[in-house]
Structures are given as C-alpha cells and as structure tokens.
There are 2 protein chains.
Amino acid sequence: MKLSGGVEWAIHCCVVLSKMDGPVPAGKLAGLHDVSSSYLAKQMQALSRGGLVRSLQGHAGGYVLTRPADEISILDVVFAVEGKQPLFVCTEIRQRGPLGTPPEECLAPCPIAKAMMTAEAAWRDSLSTISIGDLARQVSSTSGPEAFQSIQEWFSGAL
Amino acid sequence: MKLSGGVEWAIHCCVVLSKMDGPVPAGKLAGLHDVSSSYLAKQMQALSRGGLVRSLQGHAGGYVLTRPADEISILDVVFAVEGKQPLFVCTEIRQRGPLGTPPEECLAPCPIAKAMMTAEAAWRDSLSTISIGDLARQVSSTSGPEAFQSIQEWFSGAL
DNA sequence: GGAGGGGTACTCGGATAAGAGCTGTCCGAGTATCAATGG
DNA sequence: CCATTGATACTCGGACAGCTCTTATCCGAGTACCCCTCC
C-alpha cells in the first residue's frame, strides 16, 4: 500500500512548469530530474488526460499548465496520476456469510466504511488546500529565487 | 494505490472479537464472513505480530483481543496489517540531476514531501480517533443489539 | 473411585505458488520549423 | 526579394515486456482436551 512513485515526479514537474514561460518537452523534464524519460512521459500523459497540462506537438512543443498554478491543487495531480478510486473500498462484508444482513436492511453505510471514508476525506481536504503555486513559493524561499531561472537557462542551453 | 483488502477483514474481525467472551479461531471468523480461511489466517497473524490480539493454541484455542476495545484504534489495525511505512516516500528528487541541490543545503524537508506528510498525518489522526469499541456500538445501534448474540450462538453451534 | 499417560483433534505459524498492478521501454502518428526553389 | 512547397527533425501518444507486491493456498509445529488404563 504505497503511493505510486510517479506522483512525486508529476508534482515536481508541475512546480517547474509553473515557473517556465514556454512549453517544456518531457525529455528535458526527465533530464533535469535524472529519471527515466519514457516513464515520465507516461505520467505527463496522465496529467494531460486529467486536463492539468496541455500538450503542444511539433518542433518547439512540450507541456504547459492549462490553469494558473494557484488553481491547481496537489489533489488534482494525485487524482490525475493515481485515478480517483478511493483508498478503501467497502466490499459489504456484513451482507455475506450465514448471518449476513439482508441488503434491504443496509440503509445506513457500514460504520467501518464510514470511518475509513471520513479519514480519507481528511486526507483529500488537506491535499486540496495546497496548490502548485504555494509549493513554488516555498521552493523559491528555501532553494533561492534564482533556482528557477537557472532551470530555465538550462532548458534553453539544453544538453 | 489501493488499501489492502485484508484491512477491511481485520477490522470486522476485531469488532466481532470485542463482543465475544472466549477465544475465536480464524476458521470460524472466515466462515462467518464467507471469506478465504487461509488468507484471513494471514491477516490474523499480522494482528498477532502487532500485539493487538493474543493467540491461544490447542483444542479450544483462537484469538482474543489483548486490550479493551476502546483502547484499540482503527489506525492500530491498519498499521498492523499494512505496516507503518508511509504512503508517500520522498526520493529526494531535488538532489538529483545536473541542477540538483547539494545534500548539505537540504536542511529543511522538501516542500512537496512536507505537504504530503501533513495530509497523511491528517488521515492517521482521523483513524486514531475511532476505536473498535466505537464501531461495535455503532453496529449495535444500526444492526440491532441482538446481532452479536446471534454470532456468539453461531460460533457455539458451529457448522 | 482417582490419578497418570497416551492418543487425538484442533489450533496457530510460516513457507510456498498464482495473479494484478506498478515500473520501465519501445516505436508509430502528427506538427512546426527550416531550407530550397520558382516566380 | 518574396511566396510556396517539400523535407526534416522534433514532439506527443499509445502499445509492449519485466518486476514487485498483493492475493490465495498448503503443510508442519505445538497444545489442550479426552479416553483408556492402572493403582
């Protein structure tokens, strides 16, 4: 029970994209972070399907954020990469077995499922309060404001 | 990225155990819920390793809760079955690549990891506020107080 | 009648296969750029 | 000198294997009960 590693990559890429002017191809994002180019491309495709980024094909193509960074929450990224399926899925155990409760009596949700859903909602709420813009500002204050400028220059100079 | 299905089984078993007098073998718990006996045994072993239940071997053996139901939170069960490893693991991407931040400058935790950890803490906090005893009381009020008595009788009569 | 010993049946515990999902890779479809050519 | 046209190189997108983790199963180790035997 572990979150996909691609989530971390995707968030980092979104933060970087939020500070770049033009489109950035997946290959350069992979080179910057020293990760598999092909696999990161897969994550970017997920972001594209989720509507978080827009893909530009052709010579000077790449990915661009579709919305302002402050309007993209971490939850959006997690949903795009991992899917919206909840962590806990109730299989209605109470209805099974020789003493199972008949379905017509199961009006209220199973208390166990309810508790798990409440906790999951707390998790999602916490993720939805933090935006890509917030993260970018925090990175600027910790790693220095010139960090993103160096990245942009590296993208231009390219390897 | 889905929680192990065994978690649901384990919680249900803990709730049932909290209302039983004597030890209950894993086979009967499996029969009650109509799930794989062998696989549920594995989950019970995890609970035993986690110190939540005590195993009694021999003819009239089985599993018994080690603590009062009100002192066992759902989080304890999740930790016992899934392990205490966090959902999100930071691989320190910021240190990798040509523009990676040197380790000696990474004093503060990565903002991205920090945000994920905060959300995870909210999830765990929510889980830790609900005990097995709470769930048992909710089941009694929704499914009727006689439900657990029927189960106890079914365990005695056995199949 | 009571105590001791052996057998039996039941329990847990860990070691062992099958399946699904994540990780990683490849090649084809599409498009903007650039250069060459003709007017 | 400018517009058109073709080639080119670069991009994304989805289809294809390898591997780890979850799911499912089995058999051996250990223990309490029960019955039989002996005193």
Side-chain angles (χ1 to χ4, degrees), chain A residues 1-10 13 17 22-31 33-64 66 78 80-83 85 87-89 91 93 155-156 158-159, chain B residues 1-10 13 17 22-31 33-64 66 78 80-83 85 87-89 91 93 155-156 158-159:
Chain A
M1 138 72 169
K2 186 172 60 71
L3 215 57
S4 166
V7 172
E8 188 184 7
W9 299 7
C13 288
L17 284 179
V24 180
K28 293 198 175 179
L29 287 170
H33 295 119
D34 187 28
V35 296
S36 160
S37 176
S38 306
Y39 188 42
L40 188 137
K42 200 178 188 62
Q43 312 302 337
M44 296 308 293
Q45 288 171 29
L47 292 180
S48 178
R49 272 192 294 269
L52 296 181
V53 300
R54 171 146 192 79
S55 66
L56 281 302
Q57 269 186 338
H59 188 86
Y63 289 100
V64 193
T66 56
V78 172
V81 174
E82 290 283 338
Q85 175 183 329
L87 284 71
F88 180 88
V89 284
T91 59
I93 283 186
F155 281 155
S156 304
L159 177 55
Chain B
M1 140 71 171
K2 184 173 63 70
L3 214 59
S4 165
V7 172
E8 187 184 6
W9 299 8
C13 288
L17 284 178
V24 180
K28 292 196 176 179
L29 287 171
H33 296 118
D34 188 28
V35 296
S36 161
S37 176
S38 307
Y39 188 42
L40 187 136
K42 197 175 189 63
Q43 312 302 336
M44 297 309 292
Q45 289 170 29
L47 292 180
S48 178
R49 272 193 294 271
L52 296 180
V53 299
R54 171 147 191 77
S55 66
L56 280 305
Q57 270 188 339
H59 186 84
Y63 289 99
V64 193
T66 56
V78 172
V81 175
E82 290 283 338
Q85 175 184 328
L87 285 71
F88 180 87
V89 284
T91 58
I93 283 187
F155 281 156
S156 304
L159 178 55

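Numbers restart at 1 for each chain; the letters A, B, ... are given by sequence-line order, proteins then strands.
Each of A:L56 and B:G58 was matched to the nucleotide of DNA chain D holding its nearest heavy atom; the match closer to the 5' end belongs to A:L56. When each of A:W9 and A:A60 is assigned the nucleotide of DNA chain C bearing its nearest heavy atom, the one mapping closer to the 5' terminus is A:W9. Of the residues near DNA chain C, A:H59 and A:G5, the one whose nearest nucleotide (by heavy atom distance) lies more toward the 5' end is A:G5. Of the two residues near DNA chain D, B:A41 and A:P25, the one whose nearest nucleotide lies more 5' is A:P25.
Put simply, the side chain of B:V7 does not reach to within 4.5 Å of the side chain of A:M1, judged on heavy atoms. Two residues are said to be in side-chain contact when any heavy atoms from C-beta on lie closer than 4.5 Å; B:L47 and B:Y63 fail this criterion.
Screening residues 43-61 of chain A for side chain to side chain donor-acceptor pair (under 3.5 Å) gives A:Y39-A:Q43 as the qualifying pairs, with residues at least two apart or on separate chains.
The side chain of B:Y63 lies closest to C:dG13 when the candidates are C:dT16, C:dT33, C:dG13.
The stretch residues 46-55 of chain A comes close to DNA chain D through A:S48, A:R49, A:S55, each having a heavy atom under 4.0 Å from the strand.
Taking each heavy atom of B:A46 and B:A80 in turn, the nearest pair found is CB-O, 3.7 Å. For the residue pair B:G61 and B:P25, the shortest heavy atom distance occurs at O-CD, 3.9 Å. The two atoms that bring A:S37 and A:A30 nearest to each other are CA-CB, 3.5 Å, heavy atoms only. A:T66 and A:V53 get closest at one heavy-atom pair: CG2-C, 3.5 Å. Contact record, B:L40 with B:A26: CD2-O, 3.9 Å, taken as the closest heavy-atom pair.
Chain B approaches DNA chain D within less than 4.0 angstrom (heavy atoms of the protein), and the contacting nucleotides run 5' to 3' from D:dT23 to D:dC33.
In this structure, the CD atom of A:E82 is 9 Å from the C1' atom of C:dC22, given to the nearest Å. In this structure, the OH atom of B:Y39 is 16 Å from the C1' atom of C:dG13, given to the nearest Å. C:dG13 atom C1' lies 13 Å from atom CE of B:M44, rounded to whole Å. The CG atom of A:L40 sits 13 Å away from the C1' atom of C:dT23 (whole-angstrom rounding).
Atoms SG and CG, from B:C13 and B:L52 in turn, are 12.5 Å apart once rounded to the nearest 0.5 Å.
OP1 or OP2 of C:dG14 lies within a sub-4.0 Å distance of a side-chain N or O belonging to B:Q45. For A:S37, no side-chain nitrogen or oxygen approaches OP1 or OP2 of C:dT25 to under 4.0 Å.
Contacts of B:A26 with the nucleic acid, taken as non-hydrogen atoms under 4.0 Å apart, involve only primed sugar atoms and P, OP1 or OP2. Residue-level contact check: B:G27 touches neither bases nor backbone, having no heavy atom under 4.0 Å from any strand. Nucleic acid contact class of A:S38 (heavy atoms, under 4.0 Å, all strands): base.
For B:S38, the side-chain contact (heavy atoms from CB on, under 4.5 Å) criterion is met by B:S36, not counting sequence neighbours. The side-chain hydrogen bond (donor to acceptor under 3.5 Å, both in side chains) test applied to A:T91 returns B:E8, not counting sequence neighbours.
In this structure, A:E82 contributes its side chain and A:S4 its backbone to a donor-acceptor pair below 3.5 Å.
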Where do N or O atoms of nucleotides 17-21 of chain C meet protein N or O atoms at under 3.5 Å, pair by pair?
none

